[in-house]
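Just so you know, residue 1 is the first one in the sequence shown, and it goes up from there.
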Amino acid sequence: MYQTISTQLENSSLIITINRPDKMNALNQMVMAELALAIDEVYSNAAIKSAIITGAGEKAFVAGADISEFLKLSPKEGEELAKKGHVIFHRIENSPKPIIAAVNGFALGGGCELAMACHFRIASENARFGQPEVNLGLIPGYGGTQRLTQLIGKGKAIELMMTGDMIDAADALKWGLVNHVTSLAELLPKAKGLLEKIHAKAPLAIARVVKCANAALDKDQDGFETEVKEFAACFATKDLQEGASAFIEKRRPNFKGE
């Protein structure tokens, strides 16, 4: 079905692998188009409860964009390219189902932006993060200037984007860019384990957590008001009745997303 990515459904999690190891899994237009299709599947397929995005091989998650595609772009074409990237990454960020980035090596440029669009990130010890676009006379174009600033703060984000420097997994953890650092061998098992824990929770509540957390960073929304509305909406769900009953009865809840 795909030429530049692969997908595998395992225990209700869709593992999406950027599969161009000979190109360090660099993003090109085909990768972006196929990634968009895979994200559509996450949204539409009821058998999928979550997703993991990772890269093929042991060197790179996504080591940037395919620079050869940039050489002949006009400003208008550059704008269209950025807008397409924003749409895809926005859908990842706002997915009602959890999407984790399992960063297995270099996450540079568009790769760092892809990881940041996920709900949270787990990194292997050999992971490296950076936005080196200034080395090409560019800036991040897929939301990186915004998400990096939100995640690690303005001062550190501006320094990274101005210098083009990389940070290692330990600093990424210290700065709040990633949630966990593991060995390369334990990276996917760690991601899968976290998702199994999340799968046991109420799906509609999980989706509302995403919506409210994103509202906190959206200048066009009142995050507190969003929380009130989404909290209230939970009371119309069978999942709340099941969760409260299970708590009182001292048993595990059986949530159905209703």
Side-chain angles (χ1 to χ4, degrees), residues 2-8 10 13-28 30-32 34-35 38-39 50-69 85 88-89 92 99-136 138 140-144 147-148 151-152 156-157 160-161 163-195:
Y2 296 116
Q3 296 182 45
T4 62
I5 71 172
S6 65
T7 60
Q8 180 180 353
E10 182 178 326
S13 290
L14 187 69
I15 302 172
I16 303 169
T17 304
I18 311 301
N19 191 24
R20 300 181 74 209
D22 57 320
K23 301 291 186 181
M24 300 286 278
N25 301 324
L27 300 178
N28 61 12
M30 181 174 288
V31 173
M32 294 296 282
E34 293 190 339
L35 180 61
I39 298 304
S50 63
I52 298 169
I53 299 178
T54 193
E58 299 182 353
K59 293 183 178 180
F61 172 73
V62 170
D66 194 331
I67 307 304
S68 64
E69 293 187 342
I88 297 166
F89 288 7
I92 294 171
I99 300 178
I100 294 178
V103 181
N104 56 310
F106 291 107
L108 305 177
C112 189
E113 291 176 296
L114 173 58
M116 291 191 295
C118 296
H119 293 139
F120 59 92
R121 288 143 295 286
I122 302 170
S124 58
E125 293 163 337
N126 67 322
R128 298 291 183 272
F129 297 83
Q131 298 289 167
E133 285 87 351
V134 290
N135 294 323
L136 302 172
L138 281 172
Y142 291 164
R147 293 190 179 98
L148 188 62
L151 286 165
I152 70 172
K156 288 177 178 175
L160 278 183
M161 290 186 285
T163 62
D165 287 345
M166 291 186 292
I167 60 171
D168 61 18
D171 277 339
L173 180 65
K174 182 171 65 177
W175 292 6
L177 185 56
V178 304
N179 289 31
H180 303 276
V181 175
T182 74
S183 67
L184 191 59
E186 289 299 315
L187 182 63
L188 283 179
K190 177 68 173 179
K192 293 172 185 177
L194 284 167
L195 287 174

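- With Ile53 as reference, Ile92 is the one residue of Ile92, Ile100, Ile15 to meet the side chain to side chain contact (heavy atoms under 4.5 Å, CB included) rule.
- Between Leu188 and Ala102, the closest heavy-atom pair is CD2-CB, 4.0 Å.
- The side-chain hydrogen bond (donor to acceptor under 3.5 Å, both in side chains) test applied to Thr54 returns Asn104, not counting sequence neighbours.
- The CG atom of Asn19 sits 13.0 Å away from the OH atom of Tyr2 when rounded to the nearest 0.5 Å.
- Applying the ring pair (Phe, Tyr, Trp, His ring centres under 6.0 Å) criterion to Phe89, with sequence neighbours excluded, gives Tyr142.
- Closest approach of Pro140 to Glu133, counting heavy atoms only: CG-OE1, 3.5 Å.
- With values rounded to the nearest 0.5 angstrom, Ile52 atom CD1 is found 9.0 Å from Leu194 atom CG.
- Nearest heavy-atom pair, Ile122 versus Ala191, reported as atom, atom and distance to 0.1 Å: CD1-CA, 3.6 Å.
- Gln3 CD: 12 or fewer foreign heavy atoms inside a 6.0 Å radius.
- Note that CZ of Arg20 and CD1 of Ile5 are 12.5 Å apart. Values are rounded to the nearest 0.5 Å.
- To the nearest 0.5 Å, the span separating CD1 on Ile18 from CE on Met32 amounts to 9.0 Å.
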Next item on the list: Please assess Met116 against Leu177 for the test side chain to side chain contact (heavy atoms under 4.5 Å, CB included), listing each intermediate value before the final yes or no.
Entry: CA-CA 8 Å; Met116 291 191 295; Leu177 185 56; 3.9 Å; yes
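- Residues passing the ring pair (Phe, Tyr, Trp, His ring centres under 6.0 Å) test with Phe129: none are found, sequence neighbours excluded.
- The nearest pair of heavy atoms linking Val103 to Ala115 is CG2-CB, 4.1 Å.
- Across every non-hydrogen atom of Ala60 and Asn25, the tightest pair is O-ND2, 2.9 Å.
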Scan the side chains in residues 178-185 for donor-acceptor partners under 3.5 Å anywhere in the protein, sequence neighbours excluded, and list what turns up.
{"residue": "Thr182", "atom": "OG1", "partner": "Leu187", "partner atom": "N", "Å": "3.3"}
{"residue": "Ser183", "atom": "OG", "partner": "Glu186", "partner atom": "N", "Å": "3.2"}

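- Applying the side-chain hydrogen bond (donor to acceptor under 3.5 Å, both in side chains) rule to Thr4 yields the partners Glu34; only residues at least two apart in sequence or on another chain are considered.
- Residues that satisfy the salt bridge (Lys or Arg N to Asp or Glu O under 4.0 Å) test with Lys174, not counting sequence neighbours, are Asp171.
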Next item on the list: Take Ile152 and Leu160 through the test side chain to side chain contact (heavy atoms under 4.5 Å, CB included) and record every step on the way to the result.
Entry: CA-CA 10 Å; Ile152 70 172; Leu160 278 183; 3.9 Å; yes
Check: Taking it one step at a time, do Val134 and Met161 satisfy side chain to side chain contact (heavy atoms under 4.5 Å, CB included)?
Finding: CA-CA 7 Å; Val134 290; Met161 290 186 285; 5.7 Å; no
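- Here the closest non-hydrogen pair linking Ser13 and Leu195 is OG-CD1, 3.7 Å.
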Next item on the list: Run the numbers on Ile99 and Ile16 for side chain to side chain contact (heavy atoms under 4.5 Å, CB included), then give the verdict.
Entry: CA-CA 10 Å; Ile99 300 178; Ile16 303 169; over 6 Å; no
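- Distance CG/Leu114 to CZ/Arg147: 9.5 Å, rounded to 0.5 Å.
- Counting only residues at least two apart or on different chains, the side chain to side chain donor-acceptor pair (under 3.5 Å) pairs with a member in residues 112-130 are Ser124-Asn126.
- Applying the side-chain hydrogen bond (donor to acceptor under 3.5 Å, both in side chains) rule to Asp165 yields the partners Thr163; only residues at least two apart in sequence or on another chain are considered.
- For the atom pair Cys112 SG and Ile167 CD1, the distance stands at 7.5 Å (nearest 0.5 Å).
- Residues passing the side-chain hydrogen bond (donor to acceptor under 3.5 Å, both in side chains) test with Lys192, sequence neighbours excluded: Glu10.
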